[in-house]
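FYI, the numbering just counts along the sequence from 1. When reading the values below, keep in mind they use all heavy atoms of this one structure, side chains included, and skip hydrogens, waters and symmetry mates.
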Amino acid sequence: MISTAGTGVRVRLLGPVEVVVAGSPQAVNGVRRKAVLATLALHAGRVVSVDRLIDVVWGDQLPATAANTLQRHVSYLRGVLGEPLSIVARQPGYLLDTGPDSTDVQAAERLIELARRSSDRNEQVKHLTAAVALWRGPPLADVAGSAWLEEQAEHLARLRLEAERSLAEARLSVGEHAGLVPGLERLVRQHPFDEHLHAQLMLALYRDGRQGEAVATYRRLRDNLRENLGLDPGPRLRDLECAILRQDTAIAAPAAAAPTRVAAQLPPPVPTFTGRDAELAALDALVDRGGAVVVSGTAGVGKTALAVHWAHRAAERFPDGQLYVNLRGFDPAATPTEPARALHGFLEALGVPVARMPRDPDTMASLYRTTVAGKRLLVVLDNARDAEQVRPLLPGSPTCLAIVTSRDQLIPLVVTESAQPVPLDLLTPGEARDMLVRRLGERQVAAEPAAADTIADRCARLPIALAIVAARAATNRHFSLAAVAAELGDLDAFRAGDEATDVRAVFSWSCRTLSPPAARLFRLLSLHPGPDVSAPAVASLAGVDGQATGPLLTELTRANLFTEHTYGRYAFHDLLRAYAVSLADEAEPPAERRDAVHRLLDHCLHTAHAADLALHPHFSAISLPPPRAGVTPERPRSRSAAAAWFTTEVPVLLAAVPLAARSGFEGHAWRLAWAMAGFLHRQGHWQDWLGTQRIALAAASRIGDQAGQGHAHRSLGLACSRLRRYDEADDHLRRALDLFTEVGDDAGRAHTCLNLGQLAERQGQHQQALRHSRRALALFRGTGNRAGQGYTLNAFGWQEALLGNYHHALESCGEALRMLQEVDDVQGQADTWDSLGHAHHQLGDDGRAIACYEHALDLFTQVNDRYAEASTYVNLGGSHRALGDLAATRVAWRRALTILDELGDAEADSIRADLDQLDATRLH
């Protein structure tokens with residue numbers, strides 16, 4: 001057998017059918033040609049008879065010229081594959097010979113088998129992760145219509161599920177439970193009776209500290225099985241529920257390995273993408289050139305679909321990852337994304353820890369370019385407003401490629417950055433028809449070709465309009481295409497002969513088919529300011545029960561008016577949002593629109609407040625007015641659930657603060673900014689923190705809310721302190737103190753005094769820090785806040801230690817520890833044990849110091865405070881060294897070094913130098 005494996009050909013079936021030759025994707029035109037290729041690829045290395053191929057490809061629609069047509073299809077495919085001998089004629093048919101692993105199916109099966117044979121769980125994770133990543137969507141997604149190929153697609157979907165289940169099992173065994181929950185939640189929704197998946201989800205939730213959610217998962221499955229199948233869960237699942245309820249140590253989590261960070265931010269590709277061969281070829285030709293590409297064209301012409309489709313095709317050629325951001329340059333409901341925010345997201349995805357995150361945009365851009373230098377990285381900058389928004393986000397490395405999409409041609413980038421222009425025009429008539437074929441099937445389009453062409457013309461050959469019309473036809477199979485075309489013809493009175501008017505006419509036609517509740521929801525959704533929206537937020541916005549919202553969202557997504565871009569999160573196309581805005585202005589009275597915005601802001605505020613409480617249960621300092629009728633806030637109960645909610649919703653919250661301020665809801669504006677401040681602080685979103693608090697301060701000032709102004713000033717003081725702008729920080733904190741004094745808010749005064757003490761300490765003003773801490777302590781005692789007293793006593797003790805008053809430090813920290821143990825504040829206890837260790841070490845009692853440090857380490861591990869853990873290991877090593885135990889010193893410092901290296905902290909170099917010195921001492 002002659003093999004062409006050396007040509008580097010791969011046929012991809014785990015998604016739309018594609019061919020990749022020497023790393024470059026090659027288009028395969030025509031559904032039947034793809035069916036021939038898929039059939040041969042599924043039999044790779046084996047002969048498929050002519051009769052079998054004809055039966056699979058044509059079924060009962062057999063043309064008289066089938067054999068000759070098959071021969072022409074094979075000839076065409078040989079040209080695409082690049083080698084005449086890639087498809088060999090061999091009696092009684094044809095054989096695909098492209099060598100081992102020449103299809104993604106073969107590669108996936110090989111990786112799954114390697115995982116099955118390996119006894120190393122980390123190796124299993126590696127192989128299974130690579131296998132699952134080969135699926136780009138539903139397998140054989142664009143060759144529907146053949147019974148045999150549909151059976152194969154079902155088989156490959158089952159193979160994926162088995163691989164995902166095995167991967168989850170392997171990841172659970174190596175302690176990666178925290179990152180498993182979202183994917184397992186998606187899988188159990190797709191497979192609601194699968195007990196194995198439910199068991200994995202329960203275990204992942206339990207190990208992530210979410211015992212209640214784990215039990216609730218079991219009970220939902222039990223109820224579902226009883227109601228639908230008349231069955232109870234099996235004994236394995238019942239035993240797992242019992243083990244969770246009694247917190248059995250047998251199901252405790254193993255230690256987790258440090259994850260490897262590879263950026264993978266691309267959104268899912270459009271499964272029915274079609275055409276654009278010339279533009280795809282142009283992008284293929286630019287892969288190795290580096291620099292930037294500008295894909296420009298009118299609204300709705302498919303710029304994002306092209307960029308994302310090509311990015312997925314080319315992902316293998318960018319092994320260091322793919323970055324993506326929607327810059328929202330033309331979003332009618334939001335301001336464009338600030339480059340600093342996009343850079344922060346990129347740096348996070350590239351593994352830059354919060355401690356190393358720069359505080360100003362220019363330094364952030366410099367770190368970004370340094371981080372990506374020499375990497376093979378793809379960056380998709382979608383929906384750019386202008387060149388100034390794009391420039392800081394260009395990687396600047398010749399090994400990286402940036403694809404920018406925009407309605408503007410971005411001539412300045414072409415001129416000054418040598419960006420390559422790829423203009424995108426309307427679909428050609430042939431491409432428009434192919435798109436209808438992909439969505440409706442070849443049989444329906446071939447039966448009414450004239451009507452299909454009329455539909456394409458009346459949709460101005462814009463992909464978004466064609467998608468909406470195709471969705472209407474696909475969900476109403478009893479409609480003929482001629483009838484659909486006739487309906488569109490009735491819209492001529494609304495047309496003005498340009499694409500924008502034509503597409504709005506199609507939108508109006510589609511909206512007329514909606515039920516009244518779905519049409520109302522479509523209009524109200526235009527009021528939401530974020531890039532996407534969750535189903536619970538949709539329910540609050542509309543003021544309806546969550547169960548009633550689901551069918552309405554389904555109706556909108558089936559009509560292609562709304563997109564579920566990830567599970568449970570929905571988004572508009574910009575054109576559709578603009579159209580919905582105009583409908584809302586026309587059909588919804590101002591009072592109704594204001595009520596809807598009020599409900600949405602109530603939902604954001606009450607959920608953010610609950611999430612902040614879950615993260616900091618002892619430090620909530622504001623009260624909220626009750627939510628309006630119809631609002632159903634979410635209630636994240638655990639720390640991990642609250643952190644996950646903030647991570648997902650922070651773009652929405654950042655848009656909600658200015659929405660509240662400009663809509664006359666100033667109280668919501670400052671309270672929302674307050675509720676998200678802690679999360680923005682911990683995540684290093686310095687500019688967002690400052691920006692939201694400035695809006696909060698202006699909003700509270702407009703309505704004369706002194707308490708709101710006080711909280712905004714205090715938060716601005718903390719942000720400025722973190723950014724080392726100490727004079728500004730002092731001004732804001734002192735203004736906050738004055739305002740809290742004026743309104744009689746002793747809790748606010750106490751927190752502010754504590755913050756002033758921390759600010760003074762950072763500047764080496766230890767006596768002044770003590771004075772502020774004494775005031776804070778007196779105020780916390782007056783309010784009865786035991787946690788506040790504990791934190792302040794620890795700060796007081798630490799400041800005493802810095803002044804050399806170690807016995808006083810021990811007294812203060814000992815009292816702090818008792819209070820923090822009373823209220824079960826683990827973070828505060830850990831901080832205090834570390835302070836006690838420092839005082840004992842300075843007094844020469846290193847035996848006690850070591851015991852204190854070990855207590856601190858146990859608690860820092862519980863709250864996953866890695867920086868504090870590393871710092872305490874450094875201190876522990878110092879005490880071991882003072883006792884002459886150099887071996888124990890080396891162990892502690894190496895543990896600190898491992899953590900600091902993982903976090904990318906600059907302090908690692910100092911610890912490394914200390915270890916080198918320690919080793920040199922041992923050698924001498």
ask   = Of the options L378, V294, V379, which is the one that meets I403 in a side chain to side chain contact (heavy atoms under 4.5 Å, CB included)?
value = L378

request  = Give me the ring orientation class for Y368 and F346: parallel if the planes are under 30° apart, tilted from 30 to 60°, perpendicular past 60°.
outcome  = tilted

remark   = Residue set satisfying side-chain contact (heavy atoms from CB on, under 4.5 Å) with T129, at least two apart, ordered chain then number -> V125, L167

query = Counting only heavy atoms not in E728, do more than 12 fall under 6.0 Å of its CD?
reply = yes

ask   = Any chance the side chains of R328 and T335 put a donor and an acceptor closer than 3.5 Å?
value = no

Residues E316, R12: salt bridge by 4.0 Å N-O rule = yes

Chi angles and distances behind the salt bridge (charged side-chain N to carboxylate O under 4.0 Å, His left out) call for R186, E164 = CA-CA 11 Å; R186 170 183 58 82; E164 287 179 319; 3.4 Å; yes

message = What's the separation between atom SG in C400 and atom NZ in K375, rounded to the nearest 0.5 Å?
response = 9.0 Å

query = Just how far is it from atom CG of L413 to atom OG of S296, taken to the nearest 0.5 Å?
reply = 11.0 Å

ask   = Rounded to the nearest 0.5 Å, how far does CG of D104 lie from CG of L14?
value = 3.5 Å

inquiry  = With heavy-atom distances below 4.5 Å as the criterion, would you say the side chains of Q389 and V404 are in contact?
reply    = no

key: ring-ring contact (aromatic ring centres under 6.0 Å, His included) partners of residues 266-290, not counting sequence neighbours, each pair once   = F273-H309

message = Looking at Y570, is its backbone amide N or carbonyl O close enough to the side chain of T563 to form a donor-acceptor pair, meaning the two atoms are under 3.5 Å apart?
response = no

